[in-house]
2 protein chains.
Amino acid sequence: MEKEKIDKKDHILDVAERVFSDFGFDGASTRMISGEAGVNMAMLNYYFGSKEGLFLAIFERKISSFQTLLQNIGNDDSMTSWDKLAKCIDKYVDRIIVNNCFQKLINREITMNKRGDLTDKITEMLMVNVIEIRKILDEGIKNGSFFKDIDIQLVIASIFGTKNYIINTPHLSSLILGHDIRDEKFMEEQLKPRIKTYMKRLLKAYLMTDNDNTK
Amino acid sequence: MEKEKIDKKDHILDVAERVFSDFGFDGASTRMISGEAGVNMAMLNYYFGSKEGLFLAIFERKISSFQTLLQNIGNDDSMTSWDKLAKCIDKYVDRIIVNNCFQKLINREITMNKRGDLTDKITEMLMVNVIEIRKILDEGIKNGSFFKDIDIQLVIASIFGTKNYIINTPHLSSLILGHDIRDEKFMEEQLKPRIKTYMKRLLKAYLMTDNDNTK
DNA sequence: TTTTATCAATCAATCGTTTGATTAGTTTTG
DNA sequence: CAAAACTAATCAAACGATTGATTGATAAAA
């Protein structure tokens, strides 16, 4: 059955995604993955050709859904620049934190630019969101919503960097926050809204608040 | 010769640090490291006991210099809370960006879920700086320098997260910034002061600037 | 002589991958 | 319809290669 086959492939990809994100590409063995997925080892090669093929398949599966994450928010003319940015942050936090271990995968892969073509693909994929936010910031400066002398590029680094820091270093951020951030209930009910509130206030203070001593 | 032995060990550690940071712990083989270091493979086990011992030795070597990085800034009673925080940022940016590949090592290792003892050691090491900043923020709230309702823990995430984002994802941040951030001259003369200025203004706006619409 | 450092050769273990056999499901054929 | 032929999925076993580690010999130093 074609349907069952896709389900099984999808199940293998789910498991592989988690195992790769926990152990890294080289640290995760094909025996480990097939064992946890409950399938014969040979199935990995049967379906995906090779270990690297399996790894790449994980990315292929997600790329399309990622591209549309923040897109087209900037084109809504009924919103102020600030509202657009705030909406971006809400959407981004909502979406990205559930894809927790895929984010770790992306991050590890993009820091280690072995497999250059994949790095390029990931970069391209992440840049879609970057460009969307940059567009909003640019526009906000032009229409006077935001200060003229803000550092757009570093603001972007702060937005994505803050999120990355929290979810990519769970050991550390759990210690800092005093809670295990892998506790889904805590993450969903407390941390997510808290991050949204914080990020918006942080950015608003930097971008919009009158500040007589800007130096 | 004790001196030569230390030099050779240090040279091996230098090479291993770079190779590990490029390929990860599992991706880097002992033959790779010994080959690039120009020493016999058995020397790694002779000096460091095992591959993991070598890996740990890389961290041991850096820990002491890390621990004193931000420490004792908070104890200087002649500075305001804000000046302390600003000094922390300056020192941190100055110091951390040169240790580029060691930072990548730390980041990759702390992202992994398994390999518990090392993760704990790294976490402990990074927490020293976290605690120092937290102390300054706590104090600043108490003495009225900073707003009472700031989110200390997420501020910390922004400080370290922004930095990590820039230097750990060079492909992406180079694209965002429009310069190759691995260009040392650009990094030293332009990006470093720019990051310092930006971080200070961002934090000041959030922590101290009067803001009538804090929600 | 005793200790330390270095080396090529080798170890068992594990790696990703392949194989050939077997099963189950579908299509074709008589 | 039923037997045969074909296809896809699954498996245990084994493959050669590479891994981290160890050995015993040799050289250098103390």
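Chain identifiers are assigned alphabetically (A, B, ...) following the order of the sequence lines, protein sequences preceding nucleic acid strands; residue numbering begins at 1 within each chain. We use all heavy atoms of the structure for the numbers below, so side chains are in, but hydrogens, waters and symmetry mates are not.
Note on Thr30(A): a base of the nucleic acid sits closer than 4.0 angstrom, heavy atoms only.
Rounded to an integer number of Å, the gap from CG of Asn45(A) to C1' of dT19(C) is 12 Å. When the C1' atom of dA9(D) is taken as reference, atom CD1 of Ile12(A) falls 11 Å away, rounded to whole Å. Nucleotide dT18(C) holds its P atom 14 Å from the NZ atom of Lys51(A), rounded to whole Å. Between Met43(A) atom CE and dA12(D) atom C1' the separation is 12 Å, expressed in whole Å. For the pair Met41(B) CE and dA21(D) P, the interatomic distance rounds to 9 Å; values are reported in whole Å. Between the P atom of dG16(C) and the CZ atom of Phe55(A) lies a distance of 13 Å, rounded to the nearest Å. The interatomic distance linking Asp7(A) (CG) with dA9(D) (C1') rounds to 15 Å, in whole Å. Rounding to whole angstrom units, CZ of residue Phe23(A) and C1' of dG16(C) are separated by 18 Å.
Between the SG atom of Cys88(A) and the CD1 atom of Ile133(A) there is a distance of 5.0 Å, given to the nearest 0.5 Å.
Nearest-nucleotide positions on DNA chain C place Tyr46(B) closer to the 5' end than the other of Tyr46(B) and Gly49(A).
Counting only heavy atoms from C-beta outward, the side chains of Lys62(B) and Leu105(B) never approach each other to under 4.5 Å. A heavy-atom distance below 4.5 Å is found between the side chains of Ile152(A) and Arg134(A).
Using a 4.0 Å cut-off, no side-chain N or O of Arg31(B) falls inside it from OP1 or OP2 of dT18(D). For dA5(C), the OP1/OP2 oxygens have no side-chain nitrogen or oxygen of Tyr47(B) closer than 4.0 Å. Residue Lys8(B) has no polar side-chain atom (N or O) positioned under 4.0 Å from OP1 or OP2 of dA5(C). An OP1 or OP2 oxygen of dA8(C) is reached within less than 4.0 angstrom by a side-chain nitrogen or oxygen of Asn40(B).
Here the nucleotide nearest the side chain of Ala42(A), chosen from dT22(D), dT6(C), dC11(D), is dC11(D).
Note: Phe59(B) and Phe102(B) meet the aromatic proximity criterion, with ring centroids under 6.0 Å apart.
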Could you walk me through whether Ser158(B) and Ser158(A) pass the side-chain hydrogen bond (donor to acceptor under 3.5 Å, both in side chains) check? CA-CA 6 Å; Ser158(B) 284; Ser158(A) 285; 6.0 Å; no
